[in-house]
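Every value quoted in this text rests on a predicted model; they were computed, and no experiment measured them. The analysis underlying the following values was restricted to heavy atoms, covering all of them including side chains, and did not include hydrogens, waters or symmetry mates.
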Amino acid sequence: MEQRDKKGHRQRMRSRYIKSGFSGMTLRDIAELLLFYPISRRDTQPIAEDIQKRFKSLEAFLTADKEELLSIDGMGESAAEFIDFFNEVCEKCIESKDEAYTEETMPELLVLKKTAYEYYCENSEPRLDVLFLDNELNYISAEAICQNFSGDYGSINTDSLRQLMKKSASYIVLLEYRSDGGYYPNEEGIAFVKLLANICKSTNVTLYDYILVNSEGTFSIYADYRFSDVLDLRR
C-alpha cells in the first residue's frame, strides 16, 4: 500500500506540473519533482524538505557545489551529479538565449522593449496597459487596464478585457510599470498573463509578450525560456 501511495504521489506531482507549470510550486515541490529522475525508487520528499530548509531559493540549490549537495541526507552521488548537470544545462540555455536575442536576430523584441520603456519613462505611478499591434507588429494604439495599479490582478474586470480584445489588432502586448519592487514577474502576474492569453484565444488576438518595466530595467516574458509554458498559451 505504501509503495502504491508513493507512486500515486509522484503522478500527482507530475500532473500538477503539466497542468499549471511552476505556478504555486515551492522550492521543496520543484526539488522533489526534479529528484524523481535520478532517484527512482526512494521517497524524495524528505530530501526536498531538507533542500528547502538549507538553500531557501532555487538558484542557491541549483548552483550549490557537489560536496554541499552530497551533505544532504539521502542525496547520493548520482543525484548530486544530476543536479550539477541540470544546472550546467540551464546556464548553457541562458547563454544561448543571451546570444540569440540580438538586434540582428530579434529586432522586433528590442523595438517593443524600447517602446515600453519610452512609454513609461515619464510615469511615476504603477499601471497596467495593453499595447495593440498589427500583423507586422507595428504599433496601433495603447489602452489603460488599470492606472495606479496596486498589484491586485484579481480585481481586474475580465469582461472589460474581452471588450478591449475586440479591437482591430492582430497582437497585443501586456505592459506593466512598477515604481518599485523590481521588474521580475510574480506568481500572480504570471497567472494573470495566462488568463489574458486564454481570453485572447477566444477573440482571435494573439498575446505576443508581457513586458514589465521599472527604473531598474525591462523584463520580457518572450525572452525568458523559464516561462515557455506561458508562451505556449499564445499559439
- [ ] Determine the sole option in Leu128, Ile211, Leu212, Ile221 for which the side-chain contact (heavy atoms from CB on, under 4.5 Å) test with Leu174 is passed.
- [x] Leu128
Open item on the list: Between Asp29 and Thr26 (side chain of the first, backbone of the second, donor and acceptor by atom type, cut-off under 3.5 Å), is there such a pair?
Closed with: yes
Task: side-chain contact (heavy atoms from CB on, under 4.5 Å) between Leu161 and Phe192, intermediate numbers included - done: CA-CA 11 Å; Leu161 286 177; Phe192 178 72; 3.8 Å; yes
Task: Those residues that, when tested against Arg28, pass salt bridge (charged side-chain N to carboxylate O under 4.0 Å, His left out) (two or more places apart) - done: Glu49
Open item on the list: Less than 3.5 Å apart, any donor N or O on the side chain of Arg162 or Thr203 sitting next to an acceptor on the other?
Closed with: no
Task: Qualifying residues under side chain to side chain contact (heavy atoms under 4.5 Å, CB included), relative to Glu136, sequence neighbours excluded - done: Asp134, Asn138
Open item on the list: Do Pro185 and Phe219 make a side-chain contact, defined as non-hydrogen atoms from C-beta onward lying under 4.5 Å apart?
Closed with: yes
Task: Side-chain donor/acceptor of Asn198 to backbone N/O of Lys194, under 3.5 Å - done: yes
Task: By side chain to side chain contact (heavy atoms under 4.5 Å, CB included) - contacts of Gln163 (at least two apart) - done: Lys166
Task: Rounded distance (nearest 0.5 Å) linking atom NE2 of His9 with atom CG of Asp43 - done: 7.0 Å
Task: Value rounded to 0.5 Å, distance of CZ in Phe55 from CG in Asp50 - done: 8.0 Å
TODO: Supply the atom-to-atom distance Arg42 CZ to Ile47 CD1, rounded to the nearest 0.5 angstrom.
DONE: 5.0 Å
Under 3.5 Å, side-chain donor or acceptor atoms of residues 70-78 against the rest of the protein: list the pairs with distances, not counting sequence neighbours.
unit_1, atom_1, unit_2, atom_2, d
Ser71, OG, Arg54, NH1, 2.6
Ser71, OG, Glu68, O, 2.5
Glu77, OE2, Lys66, NZ, 2.5

Open item on the list: Quick check: do Leu34 and Phe82 have side-chain heavy atoms less than 4.5 Å from each other?
Closed with: yes
Open item on the list: Nearest 0.5 Å, please: how far is CG in Asp129 from CG in Leu164?
Closed with: 10.0 Å
Task: From Phe86 atom CZ to Leu62 atom CG, the distance as rounded to the nearest 0.5 Å - done: 6.5 Å
TODO: Could you grab the distance from atom CG of Asp65 to atom CG of Leu69, nearest 0.5 Å is fine?
DONE: 7.0 Å
Open item on the list: My understanding is that only residues two or more places apart in sequence, or in another chain, count here; which of them pass side chain to side chain contact (heavy atoms under 4.5 Å, CB included) with Phe36?
Closed with: Arg10, Met13, Arg14, Glu32, Leu33, Thr44
- [ ] Compare all side-chain heavy atoms of Val213 with those of Leu175 and state whether any distance is below 4.5 angstrom.
- [x] no
Which atom pairs, one a donor and one an acceptor, fall under 3.5 Å between side chains of residues 149-157 and the rest of the protein, sequence neighbours left out?
unit_1, atom_1, unit_2, atom_2, d
Asp152, OD1, Gly154, N, 3.3
Tyr153, OH, Glu176, OE1, 2.7
Tyr153, OH, Glu176, OE2, 3.0
Ser155, OG, Asp152, O, 2.7
Asn157, OD1, Asp159, N, 2.8
Asn157, OD1, Ser160, N, 3.1

- [ ] Report the C-alpha distance between Leu131 and Ile172 in whole Å, list the side-chain angles of each, state the deciding distance to 0.1 Å, and finish with yes or no for side-chain contact (heavy atoms from CB on, under 4.5 Å).
- [x] CA-CA 5 Å; Leu131 195 69; Ile172 67 159; over 6 Å; no
TODO: Quick one: do Leu35 and Ile51 satisfy side-chain contact (heavy atoms from CB on, under 4.5 Å)? Show the steps, please.
DONE: CA-CA 11 Å; Leu35 290 170; Ile51 287 168; 3.9 Å; yes
